[in-house]
Visitor: 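Once you've had a glance at the structure underneath, I'll fire off some questions.
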Amino acid sequence: MKIYLTLLSIILLSASCKETKQTAMKPNDAHSFARPDEAVVKHLSLNLNVDFDTKELSGYAAWNIQCAGNAEELVLDTKDLRIEKVMNHDESRALEFKLADDVKYLGQALHIKLNGEKEKVIVYYRTSPDAAALQWLSPQQTADKKYPFLFTQSQAILARTWIPCQDGPGIRFTYDANIRVPKELLALMSAENPQVKNESGAYTFKQVQPIPSYLMALSVGDLRFKNLGAKTGVYAEPGMIDKCAYEFADMQKMLDAAEKLYGPYQYGRYDVIVLPPSFPFGGMENPELTFATPTIIAGDRSLVSLVAHELAHSWSGNLVTNGSWHELWLNEGFTNYVENRIMEQVYGPERALLERQLSVQDLENDLEQLDAK
């Protein structure tokens with residue numbers, strides 16, 4: 001994620017990342033109720049209806065799990081979710097569950113009694129209209145002002161407000177999804193994506209690389225797609241798509257440069273979606289589909305370092321991730337360095353030096369506003 005208020009240009013180190021590995025997760029994540037040393041999630045099958053009238057997502061999350069020893073329960077993170085029922089792997093019997101007391105910021109632990117179930121649990125639920133990760137926009141809040149829009153922001157611990165999950169960066173899983181939306185709209189996720197609308201409004205997705213929960217993402221709106229290269233493209237509202245395609249014309253060059261520096265890109269395609277103006281960040285590195293603010297559409301390609309930054313996260317962050325949110329500076333520090341190397345490869349050393357100097361100025365300005373400690 002690139003946030004304009006704070007830049008962490010700290011670590012200068014080049015890393016070559018060839019494959020994704022799952023490391024042991026200790027049950028000491030201060031920001032999660034999960035106990036992955038007892039039972040850990042491995043794959044998610046998500047099935048949701050998107051209702052713009054009620055501002056709710058409803059359906060189920062089916063989790064394939066891996067248990068250690070005689071694990072008696074699976075613990076998931078939730079916040080403001082209405083849990084309707086929990087079933088075993090083939091839905092032949094209900095599993096007992098309990099929501100613990102609410103903890104400020106963290107939400108409620110969902111304790112699911114496994115009763116011998118070692119394969120899968122299926123959680124039926126609804127989100128709250130006030131779910132912190134879900135931004136429901138009226139047509140007036142979009143660029144074209146014709147249809148409503150939905151986008152998610154799961155980082156850092158907001159995935160639990162729209163999916164019952166083990167919401168820590170050290171736990172990785174693959175996923176598939178079935179999402180149903182109004183037929184006028186297109187659904188996209190942090191996964192293999194469609195490029196055009198269909199008549200049914202039903203879309204399927206698959207993410208074969210293990211990812212942490214904060215990279216779960218969904219966007220629904222009146223969107224168009226333009227291809228920019230062999231593995232790159234852009235989505236935007238119809239009135240913005242040509243401007244966005246012009247702005248991001250060098251995306252394939254950025255991807256090619258990054259692969260030469262850090263090894264093969266592991267996520268299939270690299271596309272960007274330009275969101276409505278209310279998107280509160282510069283960008284978010286959701287796998288296969290970076291979420292970007294329209295404020296970088298300057299008309300002269302002067303702000304595309306943001307794209308280089310989110311692309312860089314495909315190696316430093318998405319592929320190799322900070323173990324807990326206490327170490328977020330590792331994700332961002334490495335990524336700022338990788339971003340600058342990409343800019344140097346595509347635009348030359350003078351542009352890279354200018355970008356570094358601007359980052360230093362931003363850092364100095366931030367430090368002036370902080371307490372000495």
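Throughout, numbering of the chain's residues begins at 1 and tracks the sequence.
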Visitor: Charged N to carboxylate O below 4.0 Å: is that the case for Glu73 and Arg35?
Guide: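 Arg35 and Glu73: salt-bridged.
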Visitor: Indicate whether the side chain of Ser190 and that of Tyr175 have a donor and an acceptor atom separated by less than 3.5 Å.
Guide: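 Yes - a donor-acceptor pair under 3.5 Å links their side chains.
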Visitor: In chain order, what residues pass the ring pair (Phe, Tyr, Trp, His ring centres under 6.0 Å) check against Phe52, with sequence neighbours excluded?
Guide: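 So Phe52 forms a ring pair (Phe, Tyr, Trp, His ring centres under 6.0 Å) with Trp136.
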Visitor: Under a 3.5 Å cutoff, is there a donor and acceptor pairing between the side chains of Ser45 and Asp176?
Guide: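 Their side chains do contain a donor-acceptor pair, which is all the 3.5 Å distance test asks for.
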Visitor: Have Ser213 and Arg160 got a donor and an acceptor in their side chains that come within less than 3.5 Å?
Guide: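 There is no such pair between these side chains.
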Visitor: Is it the case that the side chains of Ser324 and Asp29 hold a donor-acceptor pair, with the cut-off being a distance below 3.5 Å and no angle test?
Guide: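 On atom types as modelled, these side chains do not qualify, holding no pair under 3.5 Å.
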Visitor: Would you please classify the geometry between the Phe291 ring and the Phe279 ring as parallel, tilted or perpendicular, with 30° and 60° separating the classes?
Guide: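 Taking Phe291 first and then Phe279, their aromatic rings stand perpendicular (interplane angle over 60°).
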Visitor: Around atom NZ of Lys118, are there more than 12 heavy atoms from other residues, nucleotides or ligands closer than 6.0 Å?
Guide: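 Yes.
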Visitor: Could you grab the distance from atom CG of Leu114 to atom CG of Leu74, nearest 0.5 Å is fine?
Guide: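 Here the rounded value is 6.0 Å.
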Visitor: Pick out which of Asn336, Asn340, Thr335 makes a side chain to side chain donor-acceptor pair (under 3.5 Å) with His309.
Guide: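 Looking at Asn336, Asn340, Thr335, the match for His309 under the side chain to side chain donor-acceptor pair (under 3.5 Å) is Asn336.
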Visitor: Has Arg224 got a side-chain atom pairing as donor or acceptor with Ala236's backbone, closer than 3.5 angstrom?
Guide: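 No; judged by distance alone, with no hydrogens or angles, the pair does not exist.
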Visitor: Given side chains that start at C-beta, do those of Ile122 and Val86 come closer than 4.5 Å, heavy atoms only?
Guide: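 No - every pair of side-chain heavy atoms lies 4.5 Å or more apart.
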Visitor: With the threshold set at 4.0 Å, does a side-chain nitrogen-carboxylate oxygen contact exist between Lys243 and Glu247?
Guide: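 Result for this pair is no, no salt bridge flagged.
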Visitor: Between Thr152 and Ser154, do the side chains contain a donor N or O and an acceptor N or O under 3.5 Å apart?
Guide: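 Not at all, the side chains of Ser154 and Thr152 share no donor-acceptor pair under 3.5 Å.
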Visitor: What heavy-atom pair brings Ala132 and Leu158 nearest, and what distance separates the two atoms?
Guide: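 Closest pair (atom of Ala132, atom of Leu158, distance): CB-CD2, 3.8 Å.
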Visitor: For Leu46 versus Ala61, what's the shortest heavy-atom pair and its separation?
Guide: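 Heavy atoms only, the tightest pair is CD1-CB, 4.1 Å.
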Visitor: Whether the side chain of Glu368 engages the backbone of Asn365 through a donor-acceptor N/O pair (distance < 3.5 Å, no angle test) should be reported.
Guide: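 Judged by distance alone, no pair lies under 3.5 Å.
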Visitor: Rounded to the nearest 0.5 Å, how far does CG of Asp242 lie from OH of Tyr246?
Guide: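 Going from the OH atom of Tyr246 to the CG atom of Asp242 covers 13.0 Å.
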Visitor: Report yes or no: do Glu91 and Tyr124 form a side-chain donor-acceptor pair below 3.5 Å?
Guide: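 Glu91 vs Tyr124: donor-acceptor pair found between side chains.
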Visitor: Between the side chains of Thr142 and Asp144, does any donor sit under 3.5 Å from an acceptor?
Guide: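 No.
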Visitor: Using a 3.5 Å distance criterion without hydrogens, assess whether the side chain of Asn227 forms a donor-acceptor pair with backbone atoms of Gly233.
Guide: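 Flag not set: sc Asn227 to bb Gly233 has no pair under 3.5 Å.
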Visitor: Once you measure the plane-to-plane angle for His31 and His326, does it fall in the parallel (<30°), tilted (30-60°) or perpendicular (>60°) bin?
Guide: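 His31 vs His326 ring planes: tilted.
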Visitor: Passes side chain to side chain donor-acceptor pair (under 3.5 Å), Ser305 versus Arg351? Steps please.
Guide: CA-CA 10 Å; Ser305 62; Arg351 172 73 177 267; 5.8 Å; no
Visitor: Do any N or O atoms from the side chain of Gln166 and from the backbone of Val75 form a donor-acceptor pair under 3.5 angstrom?
Guide: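 Such a contact is found between Gln166 side chain and Val75 backbone.
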Visitor: Donor-acceptor pair, Gln209 side chain versus Tyr267 backbone, under 3.5 Å?
Guide: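 Side chain of Gln209 to backbone of Tyr267: no pair is present.
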Visitor: Tell me if a side-chain donor or acceptor on Gln266 pairs with a main-chain N or O of Pro264 at a distance below 3.5 Å.
Guide: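 A pair under 3.5 Å: yes.
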Visitor: Can you see whether Glu339 engages His313 through a side-chain donor-acceptor pair at a distance of less than 3.5 angstrom?
Guide: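 No, because no side-chain N or O of Glu339 sits under 3.5 Å from a partner of the opposite role on His313.
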Visitor: Distance check, rounded to the nearest 0.5 Å: Tyr235 atom OH versus Cys244 atom SG?
Guide: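 The SG atom of Cys244 is 13.5 Å from OH of Tyr235, to the nearest 0.5 Å.
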Visitor: Let me see the working for Lys197 and Asp222 under salt bridge (charged side-chain N to carboxylate O under 4.0 Å, His left out), right down to the final yes or no.
Guide: CA-CA 9 Å; Lys197 299 176 187 175; Asp222 182 22; 2.7 Å; yes
Visitor: Do Tyr270 and Thr290 have a side chain donor and acceptor closer than 3.5 Å?
Guide: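 Yes - a donor-acceptor pair under 3.5 Å links their side chains.
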Visitor: Side-chain donor-acceptor pair under 3.5 Å between Asp80 and Thr161, yes or no?
Guide: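 Checked: Asp80/Thr161 side chains show no N/O donor-acceptor pair below 3.5 Å.
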Visitor: Using a 4.5 Å cut-off on heavy atoms from C-beta on, say whether the side chain of Ile65 contacts that of Lys42.
Guide: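 Counting from C-beta outward, Lys42 and Ile65 never come under 4.5 Å.
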Visitor: Looking only at side chains, do Thr232 and Gln252 share a donor and an acceptor under 3.5 Å apart?
Guide: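 Thr232 vs Gln252: donor-acceptor pair found between side chains.
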Visitor: Looking only at atom types and distance, does a side-chain atom of Asp77 sit under 3.5 Å from a main-chain N or O of Phe33, one as donor and one as acceptor?
Guide: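 Yes; judged by distance alone, with no hydrogens or angles, the pair exists.
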Visitor: Is Phe97 reachable from Tyr60 through a run of I, L, V, M, F, W or Y residues, each pair having side-chain heavy atoms under 4.5 Å apart?
Guide: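 No, it is not one cluster - the side chains of Tyr60 and Phe97 are not joined through contacts under 4.5 Å.
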Visitor: If you round to the nearest 0.5 Å, how far is CG of Asn47 from OG of Ser58?
Guide: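 With rounding to 0.5 Å, OG (Ser58) is 9.5 Å from CG (Asn47).
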Visitor: Under the salt bridge (charged side-chain N to carboxylate O under 4.0 Å, His left out) rule, what do Lys145 and Glu237 come out as? Steps first, then yes or no, please.
Guide: CA-CA 10 Å; Lys145 305 186 185 307; Glu237 293 183 67; over 6 Å; no
Visitor: Would you compute the distance between atom CG of Leu99 and atom CG of Leu76 and round it to the nearest 0.5 angstrom?
Guide: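 Going from the CG atom of Leu99 to the CG atom of Leu76 covers 10.0 Å.
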Visitor: Using the salt bridge (charged side-chain N to carboxylate O under 4.0 Å, His left out) rule, take Glu56 and Arg126 through it: C-alpha gap first, then chi angles, then the decisive distance, then the call.
Guide: CA-CA 7 Å; Glu56 288 182 337; Arg126 290 180 177 272; 3.2 Å; yes
Visitor: Supply the atom-to-atom distance Leu137 CG to Phe151 CZ, rounded to the nearest 0.5 angstrom.
Guide: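 Rounded to the nearest 0.5 Å, the CG-CZ separation comes out at 5.5 Å.
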Visitor: Hey, does the side chain of Glu355 reach the backbone of Glu344 with a donor-acceptor pair shorter than 3.5 angstrom?
Guide: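 Flag not set: sc Glu355 to bb Glu344 has no pair under 3.5 Å.
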Visitor: Using 30° and 60° as the class boundaries, would you call the ring planes of Tyr265 and Trp315 parallel, tilted or perpendicular?
Guide: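 Aromatic pair Tyr265/Trp315 classed tilted.
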Visitor: Applying the side chain to side chain contact (heavy atoms under 4.5 Å, CB included) criterion to Leu188, which one of Asn286, Leu223, Leu218 satisfies it?
Guide: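 Single pass found, and it is Leu223.
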Visitor: Is Leu261 close to Gln345 at the side-chain level, that is, under 4.5 Å between some pair of heavy atoms?
Guide: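 Touching, per the 4.5 Å side-chain cut-off.
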Visitor: Are there more than 12 heavy atoms of other residues, nucleotides or ligands under 6.0 Å from atom CD of Glu72?
Guide: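 Open.
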Visitor: Within the side chain of Glu117, is there an N or O that forms a donor-acceptor pair under 3.5 Å with the backbone of Lys120?
Guide: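 Yes, Glu117 side chain to Lys120 backbone: donor-acceptor pair under 3.5 Å.
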Visitor: Specify whether Tyr203 and Phe205 have parallel, tilted or perpendicular ring planes, treating 30° as the upper limit for parallel and 60° as the lower limit for perpendicular.
Guide: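 Aromatic pair Tyr203/Phe205 classed tilted.
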Visitor: Run the numbers on Arg269 and Asp271 for salt bridge (charged side-chain N to carboxylate O under 4.0 Å, His left out), then give the verdict.
Guide: CA-CA 6 Å; Arg269 292 188 57 83; Asp271 296 322; 2.9 Å; yes
Visitor: Would you please name every residue forming a salt bridge (Lys or Arg N to Asp or Glu O under 4.0 Å) with Asp51, sequence neighbours left out?
Guide: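 For Asp51 there are no salt bridge (Lys or Arg N to Asp or Glu O under 4.0 Å) partners, ignoring immediate neighbours.
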Visitor: Tell me if a side-chain donor or acceptor on Asp371 pairs with a main-chain N or O of Lys373 at a distance below 3.5 Å.
Guide: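 Side chain of Asp371 to backbone of Lys373, a donor-acceptor pair under 3.5 Å: no, none is there.
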Visitor: For Asn70, does the CG atom sit with more than 12 other heavy atoms under 6.0 Å from it, leaving out its own atoms?
Guide: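 Atom CG in Asn70 is not packed in, count stays at 12 or less.
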Visitor: Is there a side-chain contact between Leu186 and Val220 in this structure, where contact means two heavy atoms from C-beta onward sitting under 4.5 Å apart?
Guide: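 When only atoms from C-beta onward are counted, Val220 and Leu186 do not touch, as no gap falls below 4.5 Å.
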Visitor: Check whether more than 12 heavy atoms from other residues, nucleotides or ligands sit under 6.0 Å from atom NZ of Lys253, and answer yes or no.
Guide: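 No, because the 6.0 Å sphere around NZ of Lys253 holds 12 heavy atoms or fewer from other groups.
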Visitor: Less than 3.5 Å apart, any donor N or O on the side chain of Asp250 or Tyr347 sitting next to an acceptor on the other?
Guide: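 Side chains of Asp250 and Tyr347: pair found under 3.5 Å.
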Visitor: Going by atom types alone, do Gln207 and Glu288 pair a side-chain donor with an acceptor below 3.5 Å?
Guide: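 Distance-only check passes for Gln207 and Glu288.
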